[in-house]
Amino acid sequence: MSSLSGRHALVTGANRGIGEAIVRALAACGASVTLLVRNRQGGEAVAASLAGTHGVVVADLTDRDGVHRACADAEHQRGPIAILVNNAGFAESAPFLKTPPELFERMMGIHLLGAVHTTQAVLPGMIERKRGHVVNMASTAGLHGQAYVTAYVAAKHALVGLTKALALEVAKHGIAVNAVCPGYTDTDIVRDAVERIHTKTGRSRFEALASILSSAGQQRLVAVSEVADAVVSLCTAPADAPSGRAVVVDGSSGT
């Protein structure tokens, strides 16, 4: 329970769903956690519910300068950032021919550039200390294709590519960079998708969920705790553990 004692973790998109589960898992392992969120009230509610003392900083991840200021504030409040979890993100769906450039820009802005901004903010300190863990929350959609979410899939593929390239660049500094790739997970995002299918098609919610899972080859939804456990496992791994991995968590055996 104290394997991360004394280490400062920054988690983006940390006030709900997978992000909140990651925060709780890291805190349970002894880490001091800063939640980087857009909604301070939501972040503070999560932080206040945790044992120990944790912090909240606010930024729009598409604003590079704002992100750098927020990361600097987090380090001023809680010390050097040893763990960065780039979790923030959302999905929008549309047929490819009805997907405007702005949708691609939104997906790339939050999933790829958001991770770039935070990582560039904290990486110099990790290099100086010769230690650090960066975990990018990708998706099984970042490993294969999926219809009607081309912008999201493209952005997640880009994030996996960033992970693999950066891992090679910083391994000599004692820094591990990995990605976690969840399948469809039991979050409000999936519940909203089920509701949209139910409303548009008239199919039952059970049928809507079954169709979503079938499209990804899943038998069940992944629990947020399973994703959080994968993140903690990467963050507690020794410095010489494999880096540049894309760890799949899709509810199948062994994940």
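Positions are given from 1 along the sequence. Note that the structure is predicted; figures quoted are calculated from it, not measured.
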**Q** If hydrophobic residues (ILVMFWY) are linked whenever their side-chain heavy atoms come closer than 4.5 Å, directly or via other members, who joins L97 in its cluster?
**A**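 F96, F104, all in the cluster of L97.
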**Q** Please determine which of V170, L123, V135 meets the side chain to side chain contact (heavy atoms under 4.5 Å, CB included) test together with V177.
**A** V170
**Q** Ring-plane angle category for H111 and F90, please: parallel below 30°, perpendicular beyond 60°, tilted otherwise.
**A**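 Tilted, since the angle between the ring planes falls between 30° and 60°.
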**Q** Please name all residues satisfying side-chain contact (heavy atoms from CB on, under 4.5 Å) with L168, sequence neighbours left out, ordered by chain then number.
**A** none
**Q** Assess, by modelled atom type and distance only, whether the side chains of H8 and T34 contain a donor and an acceptor separated by less than 3.5 Å.
**A** yes
**Q** List the atom pairs, donor and acceptor, that lie under 3.5 Å between side-chain atoms in residues 69-85 and the rest of the protein, sequence neighbours left out.
**A**
residue : atom : partner : partner atom : Å
E75     : OE2  : I81     : N            : 2.8
R78     : NE   : S32     : OG           : 2.9
R78     : NH2  : T53     : O            : 2.8

**Q** Please name all residues satisfying side-chain contact (heavy atoms from CB on, under 4.5 Å) with L103, sequence neighbours left out, ordered by chain then number.
**A** E92, A94, T99, P100, R106, M107, A151
**Q** Work out which heavy atom in N178 is nearest to a heavy atom in R245; give both atom names and the distance.
**A**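 Taking every non-hydrogen atom into account, OD1-N, 2.8 Å.
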**Q** What residue pairs, at least two apart or across chains, pass salt bridge (charged side-chain N to carboxylate O under 4.0 Å, His left out) with a residue in residues 179-188?
**A** R16-D188, D186-R191
**Q** Give a yes or no answer on whether the side chain of N136 reaches the backbone of A138 with a donor-acceptor pair at less than 3.5 Å.
**A** no
**Q** Under the rule for side-chain contact (heavy atoms from CB on, under 4.5 Å), what residues qualify as partners of A216, not counting sequence neighbours?
**A** Y184, Q218
**Q** When you check the side-chain N and O atoms of T118 and N86, is any donor under 3.5 Å from an acceptor?
**A** yes
